[in-house]
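Start at 1 with the first residue, then count along the sequence. Because only heavy atoms are used, hydrogens play no part in the values below, and waters and symmetry mates are left out as well, while side chains stay in.
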Amino acid sequence: MRILVCISNVPDTTSKITFSNDNTVFNSNGIQYIINPYDEIALSKAVELAEGGKGTVTVINVGDASTEPTIRKALAIGADDAVRINSQPRDAWFVANQIANYAKEQNFDLILTGRESIDYNGAQVAALLGELLNLPSVSIAKKLDIQDNNATIDREIEGGKEVLTVSLPVVVGTAEGVAEPKIPNMRGIMGARTKPLQVIEPITVNELSSISKFESPAPRGAVKLVEDVDQLVQLLHSEAKVI
């Protein structure tokens with residue numbers, strides 16, 4: 001089984017986020033980058049499925065040379081090889097087109113993405129890939145099992161869960177529960193240095209959207225401590241005006 005895992009390079013959640021040029025440009029100075037956590041779940045599942053000679057795992061990233069440490073970590077976790085599409089990831093439409101252009105001639109049996117990236121939270125790439133490659137796609141997968149040529153997928157829906165059986169090839173957007181993220185060991189880290197990393201140039205994609213401005217969340221308000229229930233009720237009535 002040949003598996004393709006799409007990984008994004010995202011800021012560590014502990015990084016302080018700022019913007020420049022009148023809040024129109026993300027300021028990457030001093031930012032520590034990591035594999036998108038949902039993509040790391042997808043990668044861990046792919047490595048699990050391929051263990052024991054059952055398959056191969058290729059990771060793909062759309063990004064410039066600065067993303068290569070993240071790609072090497074994915075190789076250390078257990079991917080066999082990697083592809084970097086040499087371009088800034090403009091938006092989900094751009095990213096999906098770049099990945100689909102590479103994948104369409106490669107005959108992958110399974111394409112995994114995270115449910116969303118933790119920086120933009122768009123949750124679009126898996127569905128766009130399915131459409132561009134004319135493959136079924138299932139998002140927010142909480143469990144994934146492969147048996148013969150079929151994938152059984154548990155996914156979240158409003159008010160419960162849905163269990164689907166889909167013939168391979170398929171695109172799956174993974175969420176928590178699909179696999180436990182793997183920690184690279186020393187052997188994996190050393191081996192990642194020599195695993196193949198192919199760099200290819202991007203195709204031209206029509207620009208359908210652009211970012212006009214970023215805004216930081218409003219600062220949290222001050223906390224007011226109350227002494228008893230009567231004071232709490234009075235404040236909810238007179239200040240919060242919720243009762």
Note to self: Does anything in residues 98-113 form a side-chain hydrogen bond (donor to acceptor under 3.5 Å, both in side chains)? List the pairs, not counting sequence neighbours.
What the structure shows: Asn101-Lys104

Margin query: Run the side-chain contact (heavy atoms from CB on, under 4.5 Å) test on Gln198 and Asp81 for me, step by step, so that the C-alpha distance in whole Å, both residues' side-chain angles and the decisive distance to 0.1 Å come before the verdict.
Written below: CA-CA 8 Å; Gln198 179 185 5; Asp81 61 350; over 6 Å; no

ILVMFWY network linking [X] to [Y], side-chain heavy atoms under 4.5 angstrom:
| X | Y | value |
| --- | --- | --- |
| Leu129 | Val166 | no |
| Ile60 | Ile111 | yes |
| Leu112 | Val171 | no |
| Val10 | Leu43 | yes |
| Val163 | Leu144 | no |

Under 6.0 Å from the [atom1] atom of [X], do we count more than 12 heavy atoms belonging to anything else shown?
| X | atom1 | value |
| --- | --- | --- |
| Asn121 | CG | yes |
| Ile183 | CD1 | no |
| Asn206 | CG | no |
| Glu180 | CD | no |
| Glu162 | CD | yes |
| Glu201 | CD | yes |

Is the shortest side-chain heavy-atom distance between [X] and [Y] below 4.5 Å?
| X | Y | answer |
| --- | --- | --- |
| Ile31 | Ile17 | yes |
| Pro11 | Asp119 | yes |
| Arg84 | Leu197 | yes |
| Lys161 | Lys143 | no |
| Ile3 | Thr56 | no |
| Ser28 | Tyr33 | yes |
| Leu4 | Ile99 | yes |
| Leu132 | Asn97 | yes |

Which value, rounded to the nearest 0.5 Å, describes the distance between [X] atom [atom1] and [Y] atom [atom2]?
| X | Y | atom1 | atom2 | result |
| --- | --- | --- | --- | --- |
| Trp93 | Leu128 | CH2 | CG | 6.5 Å |
| Ser44 | Asp39 | OG | CG | 10.5 Å |
| Leu168 | Leu135 | CG | CG | 10.0 Å |
| Glu176 | Lys142 | CD | NZ | 4.5 Å |
| Ile77 | Arg72 | CD1 | CZ | 13.5 Å |
| Ile200 | Ser87 | CD1 | OG | 11.0 Å |

Quick check: closest heavy atoms across [X] and [Y], and the distance to 0.1 Å?
| X | Y | result |
| --- | --- | --- |
| Val59 | Ala79 | CG1-CB, 3.7 Å |
| Glu116 | Gly122 | CB-N, 4.4 Å |
| Val178 | Ala141 | CG2-O, 3.1 Å |
| Ser8 | Asn61 | CA-ND2, 3.9 Å |
| Gly63 | Pro89 | CA-CD, 4.4 Å |
| Asn86 | Pro202 | O-CD, 3.5 Å |

Note to self: Checking Leu133 against Phe108 for the side-chain contact (heavy atoms from CB on, under 4.5 Å) test, could you report, in this order, the C-alpha distance in whole Å, the side-chain angles of both residues, the deciding distance, and whether it holds?
What the structure shows: CA-CA 11 Å; Leu133 293 170; Phe108 288 105; over 6 Å; no

Next item on the list: Any pair with a residue in residues 163-211 that passes ring-ring contact (aromatic ring centres under 6.0 Å, His included), sequence neighbours left out, goes on the list, sorted by first then second residue, please.
Entry: none

Item checked: Donor-acceptor pair between Thr24 and Asp22 side chains, under 3.5 angstrom -> no

Next item on the list: Examine the side chains of Thr18 and Asn27 and answer whether a donor and an acceptor come within less than 3.5 Å of each other.
Entry: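 Yes, a side-chain donor-acceptor pair sits under 3.5 Å.
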
Next item on the list: Let me see the working for Phe94 and Val62 under side-chain contact (heavy atoms from CB on, under 4.5 Å), right down to the final yes or no.
Entry: CA-CA 9 Å; Phe94 178 84; Val62 179; 4.1 Å; yes

Next item on the list: Examine distances only and state if a side-chain atom of Arg115 and a backbone atom of Ile140 form a donor-acceptor pair shorter than 3.5 Å.
Entry: no

Next item on the list: Could you walk me through whether Lys45 and Thr174 pass the side-chain contact (heavy atoms from CB on, under 4.5 Å) test, one step at a time?
Entry: CA-CA 9 Å; Lys45 184 62 180 182; Thr174 62; 5.6 Å; no

Item checked: Partner residues of Asn185 under the side-chain contact (heavy atoms from CB on, under 4.5 Å) criterion, sequence neighbours left out -> Arg187

Item checked: Matching residue for Asp80 among Leu75, Thr58, Val57, Val47 - test: side chain to side chain contact (heavy atoms under 4.5 Å, CB included) ->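 By the side chain to side chain contact (heavy atoms under 4.5 Å, CB included) criterion, Asp80 pairs with just one of Leu75, Thr58, Val57, Val47: Val57.
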
